[in-house]
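What follows is a short report on a single structure.
Letters go in sequence order (proteins before strands), and every chain restarts at 1.
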There are 2 protein chains.
Amino acid sequence: MPERLDDTDLLFKALADPSRRKLLDLLHAHDGQTLNDLCEHLDMTRQGVTQHLGVLEAAGLVTVVWRGREKLHFLNPVPLQEIYERWIAKFEKRRLKALSDLKKRLEKSND
Amino acid sequence: MPERLDDTDLLFKALADPSRRKLLDLLHAHDGQTLNDLCEHLDMTRQGVTQHLGVLEAAGLVTVVWRGREKLHFLNPVPLQEIYERWIAKFEKRRLKALSDLKKRLEKSND
DNA sequence: TTGACATGCAAGCTTGTTATTGCATATAAA
DNA sequence: TTTATATGCAATAACAAGCTTGCATGTCAA
């Protein structure tokens with residue numbers, strides 16, 4: 001049976017591939033591109049790109065709107081914000097504390 | 001031949017596994033734990049945990065110090081900060097702009 | 001209504017990842 | 001110096017990921 005993946009896993013796995021990160025950059029540069037637009041910048045078949053976009057969609061990083069026979073892709077940065085809060089800000093506090101402890105130690109050693 | 005991975009790739013791939021994220025949380029809760037300490041919280045063999053820690057080390061997220069026959073593990077949050085700057089702050093600006101555009105549109109529609 | 005275009009769906013190949021088992025080595029403790 | 005502890009290294013098996021090829025479908029334009 002296929003393993004059930006939670007949202008965090010979908011998100012980090014989506015980001016763990018250079019082609020997908022490139023797609024995010026492409027959409028950041030110009031939102032609302034069609035599949036064909038995006039394909040022109042990646043060195044793989046259209047079907048490969050489709051699969052990557054599917055992963056980004058499943059992770060909630062990309063939203064799709066159909067216009068006739070064209071599929072327009074839009075970036076959704078909200079999940080990135082969630083990563084920040086859960087996985088960066090939390091660990092950042094520790095880093096800042098370490099710096100401040102170091103500072104205190106240095107000041108103390110100057111006594 | 002094995003594909004050469006850049007730093008960003010090592011970092012995101014390191015984060016793309018729930019066991020490794022759990023290890024980061026464990027070290028965040030209590031830094032400097034030995035391999036055996038960490039093993040007690042994961043449902044896999046010691047060797048499995050060793051391999052995960054190797055991935056975290058390669059990504060620069062964990063640093064190791066030997067004390068006799070014990071291996072102590074320390075968290076390094078600096079690479080997370082780099083992710084923030086390159087992959088979150090950048091996209092966050094777009095999100096804030098979208099919100100501000102929405103606000104302007106709403107204000108306009110109230111005229 | 002025909003042909004070109006934009007895309008979907010699915011099978012299959014190749015490679016990478018995760019975890020295991022088995023054995024080896026170095027350090028500490030009895 | 002023997003035994004237990006903490007760990008490393010390597011081969012392998014099971015599974016997942018990435019990409020391709022081939023064909024199908026819906027939409028637009030002449």
- Message: For A:Y84 together with B:Y84, are the ring centres under 6.0 Å from each other?
- Response: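 Centroid distance B:Y84-A:Y84: below 6.0 Å, so yes.
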- Determine whether B:L27 and B:L10 fall in the same hydrophobic cluster, where Ile, Leu, Val, Met, Phe, Trp and Tyr are linked whenever their side-chain heavy atoms lie under 4.5 Å apart.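 No: no chain of side-chain contacts under 4.5 Å links B:L27 to B:L10.
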Could you tell me the separation between the [atom1] atom of [X] and the [atom2] atom of [N], rounded to a whole number of Å?
X     : N      : atom1 : atom2 : result
B:D9  : D:dA17 : CG    : P     : 15 Å
B:F12 : C:dG16 : CZ    : P     : 21 Å
B:W66 : C:dT25 : CH2   : P     : 15 Å
B:E57 : D:dT7  : CD    : C1'   : 13 Å
B:R67 : D:dT7  : CZ    : P     : 10 Å
A:L15 : D:dA17 : CG    : C1'   : 16 Å
B:L56 : C:dT17 : CG    : C1'   : 14 Å
A:K22 : D:dG18 : NZ    : P     : 16 Å

- Query: side-chain contact (heavy atoms from CB on, under 4.5 Å) with B:L61: which of B:L15, B:N76, B:V55, B:L23?
  - Reply: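 The option that passes is B:L15.
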- Message: Heavy-atom nearest nucleotide on DNA chain D for A:V49 versus B:E70: which residue maps closer to 5'?
- Response: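 Its nearest nucleotide lies further toward 5', so the answer is B:E70.
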Counting only side-chain N and O atoms of [X], is one of them less than 4.0 Å from OP1 or OP2 of [N]?
X     : N      : value
A:N36 : C:dT7  : yes
B:H52 : C:dA19 : yes
B:R20 : C:dT18 : yes
A:K71 : C:dG8  : yes
A:T50 : C:dG8  : yes
A:T45 : D:dC19 : no

Side chain of [X] only, heavy atoms from C-beta on: which candidate in [options] is closest?
X     : options               : result
B:Q51 : C:dT20, D:dT20, C:dA6 : C:dT20
A:K13 : C:dG8, D:dG8, D:dA17  : D:dA17
B:Q47 : C:dC5, D:dA10, D:dA6  : D:dA10

- Item | Pairs involving residues 50-78 of chain A, ordered by first then second residue, that meet salt bridge (Lys or Arg N to Asp or Glu O under 4.0 Å) (sequence neighbours left out) |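 Sorted result for residues 50-78 of chain A: A:R67-A:E70.
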- Message: Just so I know, are the side chains of A:M44 and A:H52 near enough to count as touching, which here means a heavy-atom distance under 4.5 Å?
- Response: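 They are in side-chain contact.
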- Message: Nearest heavy atom decides the nucleotide; on that basis, is B:R69 or A:T34 closer to the 5' end of DNA chain C?
- Response: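 Looking at DNA chain C, the more 5' nearest nucleotide goes with A:T34.
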- Task: May I ask you to say what A:G48 touches in the nucleic acid, namely base, sugar-phosphate or nothing, with a heavy-atom cut-off under 4.0 Å?
- Result: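 Base: the residue A:G48, judged by heavy atoms under 4.0 Å, touches a nucleobase.
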